[in-house]
Each structure stands twice: as structure tokens, then as C-alpha cells.
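Every value quoted in this text rests on a predicted model; they were computed, and no experiment measured them. For ligands, and for the atoms within them, numbers begin at 1 and follow the listed sequence.
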Amino acid sequence: MTTPAYEPERFTSPEYLAVIDEETSPSQFNIPASCLKAIQLQGEAGFPHEICGLLVGNISDNSWNICEVHQVANLNDERAADRFMLDPAGYQAVDKALRGSGMEIVGVYHSHPNCPAKPSPTDLESAWDGFAYPIVSICDGTAADFKCWSLNSAATAFQNIAVVEL
Ligand SMILES: [Zn+2]
């Protein structure tokens, strides 16, 4: 994990800066090393396109506890380099398989090819309250950074959540 090599100018624009609430969330994002590695490998394999997937686990004490990750197709072919649209059929399949398991879908991850692991205005538009949104930055095909985000209490911006690798 190094400092992102790429930060397109738009990430320092007022529009992009407004997406981030500087106050850090008190919550934690607990993820097994194997799940984190899987997200990094998926992001590298998908480069230069964005990949996306679902986080499965539970939420307790205001923290996310991840047990499994499931890559889901990115339906956005047109702008696959900088947008993602999670396949609803993939969502339903994972959701159905979880019934009765005590686990649920608790977030959505995606990659940012040659961009920092910071959310964009588009990410904010599609974010759900209560979900965790980790982003893996892929620079020239290699995972360079991993940060997790969730909506602030007013749902007006993303707050950074501490990532704890288990
Ligand atoms: Zn994004």
C-alpha cells in the first residue's frame, strides 16, 4: 500500500471535495485479510475497468463485520472505466442465498482504476444509508490503496471508516 500515484484534477475540485465529510466516523470496518486480498485481486484483474461486488456479514456496535465478498457484474459497459452499475440479478442471487444464514449484504465495494480510493459525486448519488462503501485504488494494474466510506448521519457526504484487517 503506497500513496496513490494518480489523482486526476477533478478529485481536488469543489464538487469532489464536497463529497467527503472530514469528520472521521467512530465506526470500524472489520475485514478478514483473505477478503481484502480477494477485492484487490478482482480490481487488478478487471483493470482498466471498474469492478464491483457485495460485502456479506453483519453490523454490530455500529461496525461492519465482513465474512464474505462476492464480485457482481458491472453492467455499465459504456463507461466501465469510471462508473459502475451493479447487476441487480447478482444482488438478488446473493441476497437469496443468505436467507436464514444470519448474514446479510452490508455494503458494496468497487475499484477506481488510476484514481484514488476516494468517493466521487456519482458514488454519493447511489449510496445507501447504513451500507459500507470500500474503494480499492488500482494504479497501472496494481492495488495501491484501500479505503472505506459510509454516509454521515445527515446522508450528505461520506465519512472515512477505519479499516481493520483481521
Ligand atoms: Zn467510485
> What residues form a side-chain contact (heavy atoms from CB on, under 4.5 Å) with Leu124, not counting sequence neighbours?
Replying inline: Val19, Leu151, Phe158
> Parallel under 30°, tilted from 30 to 60°, perpendicular over 60°: which one fits the rings of Tyr133 and Phe131?
Replying inline: tilted
> Should we say atom CD of Glu104 is surrounded by more than 12 heavy atoms from elsewhere, each under 6.0 Å from it?
Replying inline: yes
>> Test of understanding: clusters of I, L, V, M, F, W, Y form through side-chain heavy atoms closer than 4.5 Å, transitively. Do Phe29 and Val56 belong to the same one?
In response: no
>> Assess whether a salt bridge exists between Glu7 and Lys118, defined as any Lys/Arg side-chain N lying under 4.0 Å from an Asp/Glu carboxylate O.
In response: yes
> Are the side chain of Asn114 and the backbone N or O of Asp140 linked by a donor-acceptor pair below 3.5 Å?
Replying inline: yes
> Which protein N, O or S atoms does the Zn ion (ligand 1) have within a distance shorter than 2.8 Å?
Replying inline: His110 NE2, His112 NE2, Asp123 OD1, Asp123 OD2
